[in-house]
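Every chain is numbered from 1 and lettered A, B, ... according to where its sequence line falls, protein lines coming before strand lines.
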Amino acid sequence: MNNDRKFVLSAFIFAVPFIIVLASYFIFDPFKALYHYDDYYPEMERGPELNKDMVTTSYFLQQQDSMNFNSFILGNSRSFAFDTKEWQKHLPQDAVCFHFSAYGESLYGVSKKVGFLYKNATLKNVLIVWDSDLLAMDQPEYSRVLHMVTPSIDNGSWYKWHKCFLTGYLTPKMCSSFLLTKILGRVTPLTENVIGVRAANYEDRFGNLTYENIEKKIKDSIYYTPELIRLFQERDSVDVTIAHYKPQIITSENHKNLLYEIKKAFESSNTAYKIVISPMWDAHHINPSDKKILENIFGKENIYDYSGYNSYTQDWHNYYERMHYRIGVANDIMNKIY
Amino acid sequence: MSFNSFEYLVFLPIVFLIYWGLKNYRWQNLFIVFASYFFYGVWNPKFLLLIAFTTLCSYISGIIIHESKNGHLRKTLCVVNILVNLGILFTYKYFNFFADSFAKLMDGLGMRVDNITLTIILPVGISFYTFQALSYTIDVYRRKIDATRDIVAFFSFISFFPQLVAGPIERATNLLPQFLKKREFDYTKSVDGLRQILWGLFKKMVVADNCAVAVNIIFDGWNGYNGSTLLIGGILFSFQIYGDFSGYSDIAIGTAKLFGIHLMKNFDYPYFSRNVAEFWKRWHISLNTWFVDYVYIPLGGSRKGKYKHIRNTIIIFLLSGLWHGANWTYVVWGLYHGLWFIPLLLMGKQKTNGHIVAENKTLPSAKELLQICSTFIIALFGWIIFRAPDISTATSYIGKIFSPSLFNGIDHGIGDAKTCFIYIALLIILEWFNRTKEHCFEIQEWTNNKALRYVAYYAIAIGILWVAGSSTSFIYFQF
């Protein structure tokens, strides 16, 4: 055999295991990013966490013709506490609600979703739930699988979108955990940090997340472990009753442009909208300069600031963990603002 | 595209298969140009015109310089070509820096001037391919090499993708002749090339990218850390830049081997140097020898008396610093090394240590170990100056290391520095025991058993992927 063919053959043989792993991505579609799915969360299916932006976008597109959604909750994972069924009670009867949220949602993502909905739906009612984390991010994200905005929404790069999923899968931890789970048919201690049972928390095809399991554990007094409580108490090193403020986030022209794009879409659609600044456990107020900018753009009457130290943030029982408050808090906020 | 990217993993095998599928070397050269321009165009397609212009200028001037018998014309053309290429480099890389520095100087003298700066994007690799083109023109002028009329071979020489964006800065006398003749596929060299690529990826993805996390945290928030932490930051950056840059060179050289092309060595275990002079013979060899051959020697080198010897030495260190970028930190870094070099020069010790440290011995002697450590410490403080955003920060950073807080414990929240030191220790051990070899993954010498070698390859490849740090771009791309 010629030397060059011998080399190519040897290299190919060496690459076979890697080629098999690559092929497994296209066969199993672990992030459900390649093919169409009617249901992204079949019961008890195990796999890596899915990109929530992709799921909600797909559910929206599948149902919009039949449902004619006209009322939307937007925001990052803090918005999961706001259920569309509860929200519906505060809206006119013709409201058809959809929770168009995403993990790690950004200002960029919200702005592009509003633009997308402006073209593809009626923006009758909108509830935006955000915080400084969301406001900070004004650029598309292509490095983290869970945090990308679907190119259908922002006309972004499909190549970068799919490349992120592929390279995210091709890390040794991810593909070994996934393939081991597929082979064994169950999650093991080795893989449980990467692979979970997806269907545990998702309720419906309207983008809502259910906290039923967690709420039951809280009711049965088995949810708040000493470790979890200790994490809440880490805040005690700072006197949060004294006002602390987040650093200013809205500093660039791009930030402001994204906010103005949202406002313009709302104005054109005569949207009834409300913006909730989440009561984060750190009890830090939104930066006053940021708040002023938001009020100038959206109107003081539409901004509901629950940041800082208040009746919600003073009690850890209002939270599932330090980053997410309970549905009771969200329901109470909705009762107040509507 | 970066060498440690998914795109390169797809690009390289395709280019390799097509290249060797073309039996005629002229078609191979044409394909190399196409592939290299594609590779470069992925960064920013607008700069393809710039590299094409530089290449064409050098090609045409080379022919005229070579053909002309008029010494005056030859010299003029050579100078014009140098000025054109350096002019382009200056505009893209240094215009804003000098404009800004000039404005500040005038301001300091009480004369206000309008600060004119341009909105310029620095083309990737411009410093590297410009110097490579210049070396050709000068070597043709000096009659060290004949000018080539083979335009495709010349374009291949300038744009050869493995070394296009971060070196080694090749000499026409080494690289151009390889594009003017048939290349034979060499199985042994190609396999060795793959091993060298693997070694380069280890240095980049395991050592450099992991160190980068802690380095960025420490240097960004240096004012809030103890001297001990800042010292850790300096050590980690010393290995980050070494892993990053030498890793890139290894991948470039290994890739070139796959195509039957030999590139020059660019790093020769510099952290085992026993003094600064030896360090500069082992660090970024292609750049340093370029400055020696094209600046130092034309200025007179060491032949015009002690004063001019020192002057010429300082000049090339300053230029070497400035080459790295438009910031006074790079210039000061160059000067810093120059100042450490001068005493050796005055003692006539700049040319010693031509042999490998601890030659034919397993371990260094106590004296050699002391020399290695002291040279590393000198380099370390130089790297702090190099990495700092400005001189003031560099001075304060180093000042804080020499404060009582040096004896305080290392701060928390600086990333996983402990694991970085494990990787650094592994790097040092591998390099020490392979310091006579071209690279450290000459696995064919570990065992004759092919199956065991394959196991080693898999273990290394998966190990690299498993512990790789978050991907960062190669540091020297910004130069």
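- The contact between A461(B) and chain A is made entirely by side chain atoms (from C-beta outward), counting heavy-atom distances below 4.5 Å.
- A donor-acceptor pair under 3.5 Å is formed between the side chain of S24(A) and the backbone N or O of V21(A).
- With T313(A) contributing its side chain and P279(A) its backbone, the two residues share no donor-acceptor pair below 3.5 Å.
- Between K112(A) and E261(A) a salt bridge is recorded (basic side-chain N to carboxylate O distance below 4.0 Å).
- Ion pairing of D131(A) with K246(A) is absent here, as no side-chain N (NZ or NE/NH1/NH2) approaches a carboxylate O to less than 4.0 Å.
- Ring planes of Y8(B) and F3(B): tilted class, angle from 30 to 60°.
- For V213(B), the side chain to side chain contact (heavy atoms under 4.5 Å, CB included) partners two or more places apart in sequence, or in a different chain, are I217(B).
- Looking at L9(B), neither its backbone nor its side chain comes within 4.5 Å of chain A, counting heavy atoms on both sides.
- Judged purely by atom type and a 3.5 angstrom limit, S156(B) has no side-chain atom pairing as donor or acceptor with the backbone of I32(B).
- In this structure, chain B has no heavy atom under 4.5 Å from any part of S143(A).
- Of the possible polar contacts, one joining the N29(B) side chain to the F179(B) backbone as a donor-acceptor pair under 3.5 Å is found.
- Heavy atoms of Y458(B) lying under 4.5 Å from chain A belong to its backbone as well as its side chain.
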Kindly indicate, with the supporting measurements, whether the criterion salt bridge (Lys or Arg N to Asp or Glu O under 4.0 Å) is fulfilled by D250(B) and K204(B).
CA-CA 10 Å; D250(B) 277 308; K204(B) 163 60 178 166; over 6 Å; no

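- Proximity to chain A among residues 184-199 of chain B is limited to F185(B), Y187(B), S190(B), V191(B), L194(B), judged by heavy-atom separations below 4.5 angstrom.
- Panel note: side chain R322(A), backbone D282(A); no donor-acceptor pair is recorded below 3.5 Å.
- Among residues two or more places apart in sequence or in another chain, the ring-ring contact (aromatic ring centres under 6.0 Å, His included) test is passed with H244(A) by H284(A).
- Listed by sequence position, Y159(A), K163(A), L166(A), T167(A), L170(A), P172(A) are the residues of residues 154-172 of chain A in contact with chain B, using a 4.5 angstrom heavy-atom cutoff.
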